[in-house]
Amino acid sequence: MAVAMPRESNIDTVFQRLVDSYNTFSQAPNGSPKAKAQLQSAAKELIAATQAPYEAALAFAMQNALFPCFIAAGDCGILSQWPKVTMTAEELAEKTGAERRLIARLMRVLVGAGVFNELGEELYSHNQLSTTLSKPSLLSVTKFASPAVARLPEYLAATSYRNPGYSTEVSTPFQFGNNTPLGFYQALAANDNVRKGFDDQMKAHVAMERAKFQTGFASMFDFEGEVGPLIKSPEDVALVDVGGSQGHVLEDVRKHLPGFKGRLILEELPETLQSITVPEGIEAVPYNFLESEQPIKGAACYLLRQIFLNWSDARGHQILRNTLPAMKRGYSRLLIMEPVPPPAAAPMAAAMLDIQMMQMGGGLRTEKQWRAFLDDAGFEVRNFWPSNSNQTVIEAVPKAQV
Ligand SMILES: C[S@@+](CC[C@H](N)C(=O)[O-])C[C@H]1O[C@@H](n2cnc3c(N)ncnc32)[C@H](O)[C@@H]1O
């Protein structure tokens, strides 16, 4: 006679929490990030509740195998567009030159992690995750950023566990992990292929934000209401996107706010500007924000999206010092867009992004850290504008004007 397994006493409670979180999520307007984070956390809790402690610990520790399988699958061509909707391990072996038995082993891990669907013995199909991970730009950037992250423990031990970025005299984890004197963006500039992939990744966020959250950069801040009245003549500069990559933020504004007046200026490193097609209606100006003073004076807004997370406080202050003299008191404002993690219960994606940024000596800042960081550089925060994507807009002005 079968003996019923004793059930973990808290599974029912955890399951109920998952149902409640689902109900909140499904009723929340426009995919609320908080409701989404709670649902994800409840789903993880349910998995954990079904595992014995040692089973959970082993599953956690052995995740070190996942990343190498992902990279190997990318390198040998499993993660690529397939000629057919379903492929067997044998067909993948023919396509890639890798041995069938090895492919089956790599696929077991990837399928277990939700990459690819397994339809039967050694029979697979792509799913949304594997299709997205197959993008050459994503693969090349991930590989570029990996050695420094893998060697973080060594770096942290060598620097006596100081928070990376504590000194601009000390190599960053990126330099240490890659045995190079070049910083992240200098190394990127020396590698055309990866740099192009990086720029495409940045641009891909626009499509993702619009598709997933029915929102875009243009609607994360009330550009028309807040900035519109400041623009009196077509010669006035409305937005300078500093380090704006391919100009996708400005393009989004141009496209989705047709009534928004004023010049839109994209500033980027010369090597980036040389390799992109600047969108119509956008002016491009080569500029290195670490090396010299902001050349466009008196713009209504200086926009820095996903810039400060790449830099330590010291380098970030250098960027702000270079921006401040160009700002017209009582008129210009600074708009910073990046993820701002809550003081507790940060989403895992933000925590992971923070560690990726650690390799450059940068990282994410909480609201309290942003206030202190900007205050030290002579700015005062006017507002934190949350959005239903992972980005927050931080609006700040030079201190003397408030
Ligand atoms: C994380 S990306 C963000 C791009 C864009 N703002 C966005 O949100 O999509 C950082 C950008 O900063 C640019 N950058 C890096 N160092 C720079 C420097 N010293 N001066 C100007 N731009 C720089 C890079 O080329 C890159 O496009």
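Numbering of ligands and ligand atoms starts at 1, following listing order.
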Would you please indicate yes or no on a ring centroid separation below 6.0 angstrom for Phe144 and Phe174?
yes

Which protein non-hydrogen atom lies closest to atom 19 (N) of ligand 1, naming both residue and atom, and how far is it?
Asn288 OD1, 2.8 Å

Trp311 and ligand 1 - part of the residue with a heavy-atom distance under 4.0 Å
side chain

Protein heavy atom at shortest distance from atom 5 (C) of ligand 1
Gly243 O, 3.3 Å

Within-4.5 Å side-chain heavy-atom neighbours: Phe70 and Leu106:
no

Under-4.0 Å heavy-atom contact with ligand 1, by part of Thr272 that carries it
side chain

Any idea how Phe373 and His317 line up, ring-wise: parallel (<30°), tilted (30 to 60°), or perpendicular (>60°)?
parallel

Examine the proximity of ligand 1 to Leu188 and report which part, side chain or backbone, both or neither, has a heavy atom under 4.0 Å away.
neither

Give the single entry among Tyr185, Phe289, Phe198 that approaches atom 17 (C) of ligand 1 most closely by any heavy atom.
Phe289

Which option, Gln306, His248, Gln391, owns the non-hydrogen atom nearest atom 9 (O) of ligand 1?
His248

Students should be able to answer this: which protein heavy-atom is nearest to atom 25 (O) of ligand 1, and at what distance?
Glu268 OE1, 2.9 Å

Compute the centroid of each ring, for Trp311 and then for Phe184, and state whether the two points are separated by less than 6.0 Å.
no

Among Thr272, Val285, Leu250, the one residue meeting side-chain contact (heavy atoms from CB on, under 4.5 Å) with Leu266
Leu250

Is the shortest distance from a Lys or Arg side-chain nitrogen in Arg151 or Glu154 to a carboxylate oxygen in the other one below 4.0 Å?
yes

Is a side-chain donor or acceptor of Tyr287 paired with a backbone partner of Ser292 at a separation under 3.5 angstrom?
yes

Based purely on interatomic distance, does Asn310 place a nitrogen or oxygen under 3.5 Å from a nitrogen or oxygen of ligand 1?
no

Provide the number and element of each atom of ligand 1 under 4.0 Å from a heavy atom of Tyr287.
20 (N), 21 (C)

Quick one: pull up CD in Glu380 and CZ in Arg382 and give me the separation to the nearest 0.5 Å.
9.5 Å

For atom 12 (O) of ligand 1, grab the closest protein heavy atom and report residue, atom and distance to one decimal in Å.
Ile307 CD1, 3.5 Å

Which protein heavy atom lies closest to atom 7 (C) of ligand 1, and at what distance to 0.1 Å?
Arg305 NH1, 3.3 Å

Please evaluate residues Ser233 and Lys261 with respect to the criterion side chain to side chain donor-acceptor pair (under 3.5 Å), reporting the C-alpha separation (whole Å), side-chain torsions for both, the decisive distance (0.1 Å), and the verdict.
CA-CA 8 Å; Ser233 121; Lys261 302 279 182 281; over 6 Å; no

Below the 3.5 angstrom mark, is there an N/O of Asp199, backbone or side chain, next to an N/O of ligand 1?
no

